[in-house]
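Input: a single structure, listed below in structure tokens.
When a residue number appears, it is its place in the shown sequence, counting from 1. Indexing begins at 1, ligand by ligand and atom by atom, following the structure's order.
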Amino acid sequence: MKSAVTICLVSEARSGPFVYHKGLAHGCQQAVELGFDAVEVFPPRAQDVSESELRSLLNQHSLALAAMGTGAGWLLHQWSLSSADSEVRQQACQFIRDIIDRAGALGAPAIVGSMQGKIDPNRSRNEALQLLADGLSELADYAERAHGVPLLFEPLNRYESNLFNRLEETADWLTSHQLRNVKILADMFHMNIEEGNMSQAIERAGGLIGHVHFADSNRLAIGLGHTDTTPVIASLKSIGYAGYLSAEIFPKPDSDAAARQTMQSFKQLVG
Ligand SMILES: [Mn+2]
């Protein structure tokens with residue numbers, strides 16, 4: 001397993017669960033100093049990340065790009081793949097496709113988390129799920145065709161979405177809809193709220209897990225909350241997971257302390 005730390009470029013998400021907020025150069029510099037393998041970037045739009053700048057920062061520091069988030073499409077515009085409004089869905093698709101291109105050029109996948117949307121009260125769950133399946137299918141095919149990377153889909157806790165909250169229901173749905181090239185992002189903060197048993201959830205989702213958000217129960221660095229992380233890591237090892245443990249956490253008590261605590265836990269748990 002490899003380590004990653006988040007860099008947020010969205011000023012509206014300054015209070016969000018991201019470790020670094022002072023630009024790509026600063027985030028990459030801190031990531032390499034603290035020993036991370038990769039960075040995960042959360043941009044306002046794909047166009048706001050210069051491919052050449054990011055590529056040269058990664059090369060210069062021997063870092064990889066772990067993934068790129070699309071949450072700003074929801075945060076700034078309320079665009080989602082399951083919206084009843086076809087124009088909104090189209091905007092969502094284009095926004096995500098642009099991020100697939102920007103991340104894919106650097107060998108990394110895009111994440112669909114909050115852009116999955118929510119079911120509004122006057123619509124059926126099936127209708128929203130069908131729209132979501134159509135969107136994910138198109139985008140995952142595109143990611144494969146254009147860049148040979150998967151598309152990451154993240155179940156969220158109940159306070160953020162009513163579509164998918166747990167790994168197993170997500171895995172079953174992806175399988176039954178034959179949504180190929182979509183991998184599950186297992187976020188340990190959401191899992192702590194929703195799963196009955198985090199280890200079992202990981203073992204059941206198995207090879208469908210493509211990325212992990214490495215966060216303790218309170219969305220602080222691993223070691224600062226009450227999640228029993230040792231069995232979670234053992235389960236990830238047992239399914240042969242070799243992807244990233246990426247710190248999507250609040251920068252508390254400050255960014256460097258959160259990153260340092262993450263790296264200390266990573267070394268202890270993963271070796
Ligand atoms: Mn997450």
Side-chain angles (χ1 to χ4, degrees), residues 1-10 12-21 27 36 38-44 65-76 80-81 96 99-100 103 108-118 132 136 150-171 174 182-195 198 201-202 205 208-222 224-225 227 229 232-233 236 241 243-252 255 258-259 262 265-266:
M1 284 177 256
K2 298 167 284 184
S3 59
V5 66
T6 45
I7 303 173
C8 175
L9 306 175
V10 182
E12 290 84 347
R14 193 155 276 282
S15 61
F18 306 100
V19 175
Y20 288 109
H21 293 264
F36 286 89
V39 293
E40 179 176 322
V41 177
F42 184 78
L65 180 65
M68 207 175 270
T70 62
W74 173 260
L75 181 73
L76 305 179
S80 86
L81 295 177
I96 296 168
I99 290 186
I100 288 171
I111 299 167
V112 175
S114 52
M115 284 194 81
Q116 68 192 268
K118 298 173 190 183
L132 178 63
L136 288 178
L151 181 67
L152 300 173
F153 180 68
E154 179 175 18
L156 304 173
N157 74 71
R158 67 191 67 188
Y159 307 107
E160 297 183 38
S161 179
N162 51 9
L163 282 165
F164 289 103
N165 305 129
R166 292 164 73 129
L167 303 194
E168 190 174 6
E169 62 183 3
T170 310
L174 292 175
V182 180
K183 295 277 186 183
I184 296 174
L185 194 173
D187 180 316
M188 291 172 60
F189 165 71
H190 299 308
M191 289 176 70
N192 170 66
I193 296 172
E194 298 295 344
E195 303 291 351
M198 290 170 67
I202 286 166
L208 276 175
I209 296 178
H211 196 71
V212 173
H213 277 158
F214 195 51
D216 216 317
S217 54
N218 45 11
R219 220 170 203 180
L220 299 183
I222 293 283
L224 299 182
T227 296
T229 309
V232 174
I233 298 298
L236 286 167
Y241 180 72
Y244 288 100
L245 300 181
S246 182
E248 190 193 53
I249 53 171
F250 290 108
K252 290 179 179 174
S255 296
T262 294
S265 296
F266 180 87

_Derivation and outcome, side-chain contact (heavy atoms from CB on, under 4.5 Å), residues Val212 and Met1_ = CA-CA 10 Å; Val212 173; Met1 284 177 256; over 6 Å; no

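- Shortest distance from the Mn ion (ligand 1) to Asp187 is reached at OD2 (N/O/S atoms only).
- Applying the side-chain contact (heavy atoms from CB on, under 4.5 Å) test between Phe214 and each of Asp187, Val5, Ile233 identifies Ile233 as the sole match.
- The closest approach of Glu154 to the Mn ion (ligand 1), by N/O/S atoms, is made by OE2.
- The Mn ion (ligand 1) lies closest to atom OE1 when only the N/O/S atoms of Glu248 are considered.
- Panel note: side chain Asp216, backbone Thr227; a donor-acceptor pair is recorded below 3.5 Å.
- Under the 4.0 Å criterion applied to side-chain N and carboxylate O atoms, Arg219 and Glu248 are assigned as salt-bridge partners.
- Under 2.8 Å from the Mn ion (ligand 1) lies an N/O/S atom of His213, whether from backbone or side chain.
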